[in-house]
Amino acid sequence: GKVLLNEHGQPTRMTGVTLDITKSKEAAEALSLLAAIVESSDDAIIGKDLTGKIVSWNAGAEKMFGYTAKEAVGRMSDIVVSQGRLKEEADSLKRVQQGRIEHYETMRIRKDGTELHVSLTMSPIKNSSGKIIGASASSRDISDRIRAEEEIRKLNVELEERVLLRTAELAATNHELEAFTYSVSHDLRAPLRHIDAFAQILEDELKTGSKTSGGKYIARIRNGVQSMGQLVDDLLNLSRVGRMEKEQQKVDLNAIVGDVLAELKPEVEERRIQWNIGELSSAECDPGLIKQLFTNLISNAAKYTRPRAVAIIEIGQKLVDGETAIFVRDNGVGFNMKYADKLFGVFQRLHRAEEFEGTGVGLATVQRIVHLHRGKIWAEAELDKGATFYFTLSGMQSS
């Protein structure tokens, strides 16, 4: 307002102008609120000019990247961009200058050199006439989310592996059930028939008062009972292997082989056997199960080399397709590879019982032990020229 005076200097009237500043006040308050939102945000919000020079740096940026506003403003925005992503930053800034808004996930680097995953939005900043004068980059730390996703991916892979393992175990169990059904109807019934037949002969002789010695019949009955007992023991052992939990520890495989050979010595001391034992790796495995594995394989090698004047049994290891495989090799009777698929089946035998004793459960047990250790087992052989059994273990270590 303005006071108007007369010739005597006395105020006579006043003129004035009243302006409505409501909108400007509201605009100022909006700008103040926006500034407060930017400053209080946990996201890093960085303003930069069209050359990439930092012109604003909020508290979220200080917290996320470790630079204070005083350290960052006036420097180029590539202080938080690793060398391998400088082109990515430059290309994004070019597209923003064309009016585009960029959304993407990338990596950024802190003041201390550590990297973090961020979700980034880069938008154009325009002046009152609509001209693009800079860019706003809003970054959110998503490192925890990325780590969680990676953990979920790992868990999914482990779950798939477990499902595959359980599926394989279920298939093996079903196969063994089928084999057991066959065994009950055939392998177990055969000794029962023999026991019944010879017992009947003895009974008839006792009724007629025959003087014939029943010793040979009793011996055959006992053989039948022993065969049944061995078969049942082998089945129970196979069942236990499938149910038991592994006790993982570092195991010296050469020491295990030494124990097995010491226990086998009384059975083969009358024979000429050349043992060739190589240097084996150690392994993270169950020592009891692995000893049983070696016992079965080495006993088989000793059994099937009996026809040889000098048996040669070699135990060693070699790389197979980049993986360390343990092998047990012999110069025994071997087998026809046409029937190799039957080797690890329960009650599957490639030789007649009259030639070589056994129940056909040992190699099925060996396979189950190997699978429990997430390994593989296979064999190579030639009829009358020996056989080699290979196996791997997931916990194999360098010797």
Side-chain angles (χ1 to χ4, degrees), residues 172 175-176 179-180 183 187 227 229-244 246-247 251 253-268 271 273 275-277 280 283 285-306 311-317 325-335 339-351 353 355-381 386-393 396:
H175 180 71
E176 287 165 6
F180 179 74
S183 175
D187 295 280
S227 296
Q230 185 62 55
L231 190 55
V232 170
D233 287 344
D234 288 347
L235 283 171
L236 290 173
N237 186 47
L238 178 64
S239 175
R240 280 194 295 270
V241 169
R243 294 195 311 270
M244 68 189 303
K246 300 200 307 291
E247 296 181 6
V251 174
L253 297 184
N254 278 103
I256 294 286
V257 170
D259 291 343
V260 172
L261 294 182
E263 292 176 6
L264 187 64
K265 186 177 180 180
E267 297 179 28
V268 298
R271 294 176 51 193
I273 299 180
W275 298 98
N276 299 326
I277 313 299
L280 305 181
C285 58
D286 185 298
L289 290 176
I290 296 304
K291 182 178 179 181
Q292 186 174 354
L293 181 154
F294 274 113
T295 297
N296 288 6
L297 291 181
I298 295 171
S299 296
N300 273 0
K303 176 168 64 177
Y304 292 113
T305 54
R306 275 205 300 257
I312 301 174
I313 299 175
E314 181 183 1
I315 303 167
Q317 70 180 44
I326 306 295
F327 64 84
V328 178
R329 179 178 292 131
D330 65 67
N331 66 334
V333 297
F335 57 86
Y339 305 109
D341 59 320
K342 295 184 177 182
L343 273 176
F344 302 103
V346 183
F347 309 120
Q348 299 292 330
R349 292 175 50 80
L350 303 186
H351 302 88
E355 296 176 312
F356 299 100
E357 72 284 358
T359 60
V361 181
L363 287 179
T365 303
V366 166
Q367 185 186 57
R368 179 165 286 188
I369 292 170
V370 170
H371 287 176
L372 279 173
H373 289 81
R374 297 190 178 185
K376 298 176 293 186
I377 184 165
W378 68 98
E380 296 174 359
T388 305
F389 283 84
Y390 297 90
F391 66 89
T392 64
L393 304 171
M396 193 75 70

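In this chain, residues are counted from 1 in sequence order.
Rounding to the nearest 0.5 Å places CD1 of I377 at 9.0 Å from CD1 of I369. Rounding to the nearest 0.5 Å places CZ of R368 at 11.5 Å from CD of Q292. Separation of atoms CG (L261) and CD1 (I315) is listed at 5.5 Å; rounding is to 0.5 Å. How far CG of L393 is from NZ of K376: 11.5 Å, rounded to the nearest 0.5 Å. Distance check: I313 CD1 to T305 OG1 gives 4.5 Å after rounding to the nearest 0.5 Å. Atom OG1 of residue T365 and atom CG of residue L289 lie 10.5 Å apart, to the nearest 0.5 angstrom.
In this structure, A301 and V328 approach most closely via the heavy-atom pair CB-CG1, 4.2 Å. In plain terms, the two heavy atoms of L264 and A302 that are nearest each other are CD2-CB, 4.3 Å. Between V370 and T392 the shortest heavy-atom distance is CG1-O, 3.7 Å. Taking all atoms of both residues into account, the shortest heavy-atom contact from I256 to P287 is CD1-O, 4.0 Å.
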ask   = Run the side chain to side chain contact (heavy atoms under 4.5 Å, CB included) check on H373 and L293 step by step: do they pass?
value = CA-CA 11 Å; H373 289 81; L293 181 154; over 6 Å; no
key: Step-by-step side chain to side chain contact (heavy atoms under 4.5 Å, CB included) determination, V251 to D286   = CA-CA 8 Å; V251 174; D286 185 298; over 6 Å; no
ask   = Can you list the steps and then say if F294 with D259 is a side chain to side chain contact (heavy atoms under 4.5 Å, CB included)?
value = CA-CA 10 Å; F294 274 113; D259 291 343; over 6 Å; no
ask   = How far apart are the C-alpha atoms of L297 and F391, what are their side-chain angles, what is the distance that settles it, and do they pass the side chain to side chain contact (heavy atoms under 4.5 Å, CB included) test?
value = CA-CA 11 Å; L297 291 181; F391 66 89; 4.0 Å; yes
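By the ring-ring contact (aromatic ring centres under 6.0 Å, His included) test, F389 is found to be paired with no residue, residues two or more places apart in sequence or in another chain being considered. By the side-chain contact (heavy atoms from CB on, under 4.5 Å) test, I312 is found to be paired with Q274, N276, N331, residues two or more places apart in sequence or in another chain being considered. Residues satisfying the ring-ring contact (aromatic ring centres under 6.0 Å, His included) criterion with W378, sequence neighbours excluded, are Y390. Listed by chain and residue number, K291 satisfy the salt bridge (Lys or Arg N to Asp or Glu O under 4.0 Å) test with E263 (two or more places apart in sequence, or in another chain).
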